[in-house]
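Heads up, the thing below is written out as structure tokens.
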Amino acid sequence: MALDKLEHADEQMQECIDNCLDAAQVCEWCADACADEGEEMARCIRLCRDVADIASLHARWMARNSGYHAELGEICADLCEECAEECEQHDNEHCQACAEILPKCAESCREMASA
């Protein structure tokens, strides 16, 4: 993997980057699928879109070794937790996938933020 060559990306950072990219992907899937399910899914869609954006941004900031990735990691973790709570309330496969993946992202983002 190309990121193995980044001198600053230790195992913890690589795991966080991977978790952020997984979160972004599952949230894009969930938001798209929820769009077909009616207005009652509006909160889920908004949160998933926010997570997809911030998680992918956090991964990019870590990859470029931004001096601000720790601060962004805290925000990403908070948003992942809120979105996971929302998705847990819905029985759809895509929502349940978010509820499973997002806590892992939140945990690794918190670890990066405190490193």
Have a look at C105 and tell me which of D22, D18, L21, N19 forms a side chain to side chain contact (heavy atoms under 4.5 Å, CB included) with it.
-> N19
Answer yes when R110 and E81 have at least one side-chain N-carboxylate O distance shorter than 4.0 Å, and no when they do not.
->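 E81 and R110: salt-bridged.
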Could you go through the side chain to side chain contact (heavy atoms under 4.5 Å, CB included) check for C16 and E111 one step at a time?
-> CA-CA 9 Å; C16 190; E111 289 172 5; over 6 Å; no
Euclidean distance, [Y] [atom2] relative to [X] [atom1], rounded to 0.5 Å:
X   : Y   : atom1 : atom2 : answer
I54 : I75 : CD1   : CD1   : 5.0 Å
I17 : S56 : CD1   : OG    : 12.5 Å
H69 : C20 : NE2   : SG    : 11.0 Å

4.5 Å side-chain heavy-atom contact, C83 and C48 =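 Yes. Closest side-chain heavy atoms under 4.5 Å.
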Find out whether M62 and Q14 are in side-chain contact, i.e. whether some heavy atom of one side chain is under 4.5 Å from a heavy atom of the other.
-> no
Would you mind writing out the side-chain donor-acceptor pairs for residues 27-39 within the sub-3.5 Å range, not counting sequence neighbours?
| residue | atom | partner | partner atom | Å |
| --- | --- | --- | --- | --- |
| E37 | OE1 | N92 | ND2 | 2.7 |
| E37 | OE2 | H94 | NE2 | 2.9 |

Count the heavy atoms of every other residue, nucleotide or ligand shown that sit under 6.0 Å from CD of E88, and state whether that count exceeds 12.
->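 Above 12, so yes.
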Do other residues, nucleotides or ligands put more than 12 heavy atoms under 6.0 Å from Q12 CD?
->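 Buried by this count: over 12 neighbours within 6.0 Å.
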Apply side-chain contact (heavy atoms from CB on, under 4.5 Å) to E82 and list each qualifying residue two or more places apart in sequence or on a separate chain.
->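 Partners of E82 by the side-chain contact (heavy atoms from CB on, under 4.5 Å) criterion, ordered by chain and then number, come out as R43, L47.
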Testing the basics here: between [X] and [Y], what is the closest heavy-atom pair and its distance to 0.1 Å?
X    : Y    : result
A70  : M112 : CB-O, 4.3 Å
L102 : A84  : CD1-N, 3.8 Å
C44  : E86  : CA-CG, 3.8 Å
N65  : M13  : OD1-CE, 4.5 Å
C109 : C76  : SG-SG, 3.8 Å
C87  : C98  : SG-CB, 3.6 Å

Are M41 and V51 co-members of a hydrophobic cluster defined by side-chain heavy atoms under 4.5 Å apart?
-> no
Identify whether I45 and I101 are in the same connected component of the hydrophobic contact network (ILVMFWY, side-chain heavy atoms under 4.5 Å).
-> no
Donor-acceptor pair, H90 side chain versus Q96 backbone, under 3.5 Å?
-> no
